[in-house]
Visitor: 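After the structure tokens below, expect a handful of questions from me.
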Amino acid sequence: MARALLGARLVRVRNDASRLSGIIVETEAYLGVKDRACHSFGGRRTPRVEAMYGKPGLAYVFFTYGMHHCFNVVCGREGEPVAVLVRALEPVEGLDAMRRLRGRKCGDRELCSGPARLCMALGITLRDNGVDLVSDPNLFIEHDSTRTVPADCVVAGPRIGVQYAAQGGWSEAPLRFYVGGNPHVSARG
DNA sequence: TGCGTGATATTCT
DNA sequence: GAATATCACGCAG
């Protein structure tokens, strides 16, 4: 799923019906109860991670570092807490509105290149935790199957910021995927 | 390169 | 309940 989401478009429709969107260019897979870096490692099931146990297609949004949100797509069967973190978008629609939401001067390259940046740019918060991306009118994913990313453009590598999960090889496992050469992938790595 | 920042998990009483 | 440790990061310098 982490590979498959590359090239898909994450869309936010605002209350005034305007659209903010971008092409997913960087993702990370979190493999559930066996994965030390995953919030559901060992079967942890707390209010925070509850959405991850829901049906595939739900959003799992969490808050971290006292100031940042991260957006994930739940993709295991119901009861199987597996998700894909979306780490970067290539912005397509609503760039000026995104710049306002980011609250600082930034070029196209800085707008959505990072998991917390794209949440800011699309106005994703804990209010979006648990929404059904399949049916929600304000937050969803569009996939144009005629414009998929060729397999030989996809680069795999270690996930970012999961050194704490080294035991068992989970920090080095090649579970981060990005579109090679795309200038909108996040800076680290 | 070093912080800020606050929710959560974890561990203690 | 309360204390403490930790964190899927971004920014100013």
Side-chain angles (χ1 to χ4, degrees), chain A residues 1-6 10 22 24-54 56 58-76 80-91 98-131 133 139 141 155-179 183-189:
Chain A
M1 273 305 295
R3 287 174 179 273
L5 282 169
L6 295 176
L10 180 60
I24 298 172
V25 296
E26 180 180 356
T27 59
E28 283 178 1
Y30 285 86
L31 301 186
V33 299
K34 64 183 177 184
D35 179 354
R36 290 195 93 81
C38 186
H39 288 164
S40 59
F41 173 68
R44 278 205 310 274
R45 185 162 188 166
T46 61
R48 178 177 66 150
V49 303
E50 187 58 31
M52 232 177 152
Y53 285 82
L58 296 190
Y60 168 46
V61 180
F62 64 90
F63 185 67
T64 191
Y65 291 106
M67 57 184 89
H68 297 307
H69 296 276
C70 292
F71 170 81
N72 302 251
V73 179
V74 175
C75 52
E80 183 187 16
V82 172
V84 171
L85 169 70
V86 178
R87 289 194 52 90
L89 305 176
E90 175 173 334
M98 288 186 194
R99 264 186 271 274
R100 285 193 291 275
L101 283 162
R102 292 274 280 114
R104 66 186 52 254
K105 275 205 158 194
C106 52
D108 300 359
R109 240 108 287 143
E110 290 84 54
L111 224 40
C112 301
S113 53
R117 289 177 177 180
L118 72 89
C119 284
M120 271 185 259
L122 298 197
I124 294 172
T125 67
L126 285 177
R127 288 179 21 217
D128 299 295
N129 187 37
V131 309
L133 299 166
L139 187 64
I141 291 170
V155 182
R159 293 174 291 184
I160 306 293
V162 294
Q163 278 313 117
Y164 64 90
Q167 196 180 122
W170 289 104
S171 59
E172 292 304 312
L175 294 174
R176 172 177 179 242
F177 303 93
Y178 59 95
V179 179
H184 300 275
V185 305
S186 66
R188 293 158 72 178

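Quick note on labels: first sequence line is chain A, next is B, and so on, each numbered from 1.
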Visitor: C:dG10 P sits how many Å from A:Phe71 CZ, rounded?
Guide: 16 Å

Visitor: Decide yes or no for A:Arg176 and A:Ile160: does some side-chain heavy atom of the first lie under 4.5 Å from some side-chain heavy atom of the second?
Guide: yes

Visitor: Using atom CZ of A:Arg45 as one end and atom C1' of B:dT8 as the other, report the distance to the nearest whole Å.
Guide: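 So the two atoms are 17 Å apart, to the nearest Å.
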
Visitor: Strictly below 4.0 Å: does A:His68 bring a side-chain N or O up to OP1 or OP2 of B:dT5?
Guide: no

Visitor: Name the nucleic acid region contacted by A:Arg44, choosing base, sugar-phosphate or nothing; use a 4.0 angstrom heavy-atom cut-off, strictly under.
Guide: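 Answer is sugar-phosphate: A:Arg44 comes under 4.0 Å of backbone atoms only.
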
Visitor: Test the A:Arg87-A:Phe71 pair against the cation-pi criterion, namely NZ or CZ under 6.0 angstrom from the six-membered ring centroid and within 45° of the ring axis.
Guide: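 Checked: cation-pi criterion not met.
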
Visitor: Write down the distance between CZ (A:Phe62) and P (B:dT8), rounded to a whole number of angstrom.
Guide: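 After rounding, the gap between these two atoms is 12 Å.
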
Visitor: Quick one: A:Phe63 CZ to C:dG10 P, roughly how many Å, whole number?
Guide: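 In whole Å, C:dG10 P lies 13 Å from A:Phe63 CZ.
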
Visitor: With both distances under 3.5 angstrom, what nucleotide forms a Watson-Crick or G-U wobble pair with C:dA8?
Guide: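 Here C:dA8 is not engaged in any pair, so there is no nucleotide opposite it.
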
Visitor: At less than 4.0 Å, is any side-chain N or O atom of A:Arg87 found next to OP1 or OP2 of C:dC9? Yes or no.
Guide: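 Yes, such a contact exists.
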
Visitor: Report the distance from atom CD of A:Glu28 to atom C1' of C:dC7, rounded to the nearest whole Å.
Guide: 14 Å

Visitor: Counting only side-chain heavy atoms from C-beta out, which of B:dT8, C:dG10, C:dC9 sits nearest to A:Tyr65?
Guide: C:dC9

Visitor: With centres under 5.5 Å and planes under 30°, do A:Tyr30 and C:dA8 count as stacked?
Guide: yes

Visitor: Rounded to whole Å, how long is the line connecting atom CG of A:Leu126 with atom P of B:dA7?
Guide: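 From A:Leu126 CG to B:dA7 P: 10 Å.
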
Visitor: Counting Watson-Crick and G-U wobble pairs only, both distances under 3.5 Å, name the nucleotide matched with B:dT5, or none.
Guide: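 Paired with B:dT5, as far as the under-3.5 Å criterion goes, is no nucleotide at all.
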
Visitor: Please report the closest heavy-atom contact between A:Asp108 and A:Arg99, naming both atoms and the distance.
Guide: OD1-NH1, 3.1 Å

Visitor: A:Phe62 and A:His69: aromatic ring centres closer than 6.0 Å?
Guide: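 Ring-ring flag for A:Phe62/A:His69: false, centres at least 6.0 Å apart.
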
Visitor: Judged by modelled atom types alone, do A:Arg117 and A:Ser113 share a side-chain donor-acceptor pair under 3.5 Å?
Guide: yes

Visitor: Between C1' on C:dA8 and CG on A:Asn129, what's the gap in Å once rounded to a whole number?
Guide: 14 Å

Visitor: Would you say C:dA8 has OP1 or OP2 under 4.0 Å from some side-chain N or O of A:Arg117?
Guide: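 No.
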
Visitor: Both A:Ala116 and A:Gly66 contact DNA chain C. Which one's nearest nucleotide lies toward the 5' end?
Guide: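 With A:Ala116 and A:Gly66 compared, the 5'-side residue is A:Gly66.
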
Visitor: Taking only the side-chain heavy atoms of A:Tyr164 (C-beta and beyond), determine which of C:dA8, C:dC9, B:dA9 contains the nearest atom.
Guide: C:dA8

Visitor: OP1 or OP2 of C:dA12 less than 4.0 angstrom from a side-chain nitrogen or oxygen of A:Arg104, does that happen here?
Guide: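 Yes, because at least one side-chain N or O of A:Arg104 sits under 4.0 Å from OP1 or OP2 of C:dA12.
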
Visitor: Taking O4'-C1'-N9-C4 for purines and O4'-C1'-N1-C2 for pyrimidines, is B:dA9 syn (within 90° of 0) or anti?
Guide: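 Here B:dA9 takes the anti form, which means its glycosidic angle is more than 90° from 0.
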
